[in-house]
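Everything on this sheet refers to the single structure shown next.
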Number of protein chains: 2
Amino acid sequence: MYYFFAEGVIIIEPKCISRVILKRLPIYLGYLKSLPNDAPPHISATTIANVLQMGEVQVRKDLAAVCDIGKPKIGYKVRDLIDELETFLGFKDMNDVIIVGAGKLGKALLSYEGFREYGLSIVAAFDVDDTVIGNMNSTKPIYHISKLSDLCQRMNIQIGIIAVPAESAQAICDYIIKCGIKAIMNFTPYLLKVPSDIIAHHVNIAASLALLSKQLSEQT
Amino acid sequence: MYYFFAEGVIIIEPKCISRVILKRLPIYLGYLKSLPNDAPPHISATTIANVLQMGEVQVRKDLAAVCDIGKPKIGYKVRDLIDELETFLGFKDMNDVIIVGAGKLGKALLSYEGFREYGLSIVAAFDVDDTVIGNMNSTKPIYHISKLSDLCQRMNIQIGIIAVPAESAQAICDYIIKCGIKAIMNFTPYLLKVPSDIIAHHVNIAASLALLSKQLSEQT
DNA sequence: AGTATATCGATATATATTTATCGATATAAC
DNA sequence: GTTATATCGATAAATATATATCGATATACT
């Protein structure tokens with residue numbers, strides 16, 4: 001949280017929402033959306049907290065960060081809350097995404113339907129291997145990587161997923177940045193080096209699984 | 001950190017390493033392993049921090065949590081550090097893992113070779129769909145789910161990956177817990193409810209990607 | 001040998017996050 | 001209408017995490 005001193009008055013900049021909170025918001029949203037239609041129209045932070053096994057104050061604080069529609073004794077109107085969360089998280093305006101690497105993981109992501117409700121639209125995948133190029137058992141196309149630059153620039157696509165072998169990760173990364181990609185999700189164990197204006201997230205499934213395994217072995 | 005008072009002396013229980021640190025350790029390890037053979041045998045926390053774009057004190061503190069082999073002016077011996085990290089993270093003793101759901105994602109995980117160097121061995125996948133059962137283009141078998149219980153108990157497997165459609169996630173989860181699984185990695189957007197003695201991790205790829213997208217849109 | 005320097009580990013400070021407490025308020029029950 | 005209660009939001013306290021500072025030490029240089 002940043003504080004600015006201007007003419008004797010402390011102004012609290014409210015923009016910044018911490019990444020921890022940001023990561024929890026989709027969880028609340030997911031739960032709210034899973035509620036049946038005949039559920040009561042209001043829900044309390046206490047209820048949410050109990051179901052999701054979180055602290056009730058935390059839930060209230062998190063929700064307060066994106067909306068202020070809670071009423072004492074009543075709780076939050078579920079419909080409004082879903083709306084606020086979706087708007088805040090940007091799930092309402094669609095964002096186009098491309099995938100580089102049409103191996104097994106790339107194809108799995110390409111045909112995964114669940115992205116849509118997060119405001120994401122996977123447009124196409126790209127690969128160098130001619131044998132995977134085409135459109136077998138997927139509604140979405142797989143192009144040769146040489147077409148990536150043109151497509152991204154024409155459609156103004158700024159988000160890319162890297163699902164190639166670790167050895168080529170950095171080269172692919174550099175290349176797609178040149179093509180206009182500004183945010184990268186990297187499924188490779190290789191830690192990418194990117195310029196400061198590029199956002200890169202790292203998803204190391206093997207490492208996460210190993211951590212789970214360690215946690216298990218520590219449990220007495 | 002827990003403090004215990006025993007006969008006037010404060011004993012600090014050193015066991016607990018926070019999850020944030022635990023998540024960073026594989027990053028250090030990955031970097032160290034990526035160093036070429038002809039690199040100098042020692043490395044300083046400063047160097048690691050610069051390459052990985054982290055604070056140097058943080059690196060030092062993280063490493064101090066698992067080892068104490070750093071020497072002033074010299075740094076850490078790379079080989080020893082790798083060894084300590086691998087031992088600490090449990091990458092040295094193999095852990096068996098099973099996958100439930102042999103759809104595209106399940107198959108991708110099944111044939112991913114990268115797990116091995118994290119001390120993980122994917123043993124088999126299970127599904128209900130007879131058309132995927134068998135052994136097409138994978139060195140590892142896909143069995144009918146009815147065989148899961150027997151296999152897990154015979155091999156004493158305690159780690160499971162759920163890669164089924166969200167609708168069946170909870171049912172599968174309950175089932176594999178009955179079969180002896182103690183730690184679960186869930187690739188479904190559905191938030192699993194598990195007993196307190198079961199560890200469940202949640203990997204929501206779509207949500208992570210959406211967060212990346214949000215970060216991008218906020219960048220001014 | 002003496003000095004300069006890179007680096008460590010430890011301690012201290014700052015920041016962030018979580019959890020607890022409390023008064024205020026909207027509804028429900030009487 | 002009054003009282004009881006669930007719930008909110010705000011403030012405060014506790015905890016965790018990150019960053020800064022500093023003395024100690026091992027090497028390199030003179």
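Both backbone and side-chain heavy atoms feed into the values below; hydrogens, waters and symmetry mates do not. Within every chain, numbering begins at 1; the chains are lettered A, B, ... in the order of the sequence lines, protein sequences first and strands thereafter.
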Go through [options] for me and flag the one nearest to the [X] side chain.
X       : options                : value
B/Ile74 : D/dA18, D/dA26, D/dT7  : D/dA26
B/Val20 : D/dT17, C/dT17, D/dG9  : D/dT17
A/Ser44 : C/dC8, D/dT7, D/dA20   : D/dT7
B/Ala45 : C/dC8, D/dT17, C/dT17  : C/dC8
A/Lys61 : C/dT18, D/dA20, D/dC8  : C/dT18
A/Pro72 : D/dT19, C/dT19, C/dT25 : C/dT25

Below 4.0 Å: OP1/OP2 of [N] and any side-chain N or O of [X]:
X       : N      : answer
B/Tyr76 : C/dA6  : no
B/Thr46 : C/dA6  : no
B/Ser18 : D/dT17 : yes
B/Arg60 : C/dC8  : yes
A/Arg19 : D/dT17 : no

*Toward the 5' end of DNA chain C, which comes first, B/Cys67 or A/Gly55, by nearest nucleotide?*
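Residue closer to the 5' terminus by nearest nucleotide: B/Cys67.
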*When the nearest nucleotide of DNA chain C is assigned to B/Thr47 and to A/Lys71 on a heavy-atom basis, which residue is associated with the more 5' position?*
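Upstream on the strand: B/Thr47.
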Charged N to carboxylate O under 4.0 angstrom, [X] versus [Y]?
X       : Y       : result
A/Lys92 : A/Asp83 : yes
A/Glu84 : A/Lys77 : no
A/Glu56 : A/Lys61 : no

_Nearest-nucleotide comparison on DNA chain D, the residue closer to the 5′ end among B/Lys73 and A/Glu56_ =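 Whichever sits nearer the 5' end wins; that is A/Glu56.
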_Does A/Lys33 have more than 12 heavy atoms from other residues, nucleotides or ligands lying within 6.0 Å of its NZ?_
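Result for NZ/A/Lys33: enclosed.
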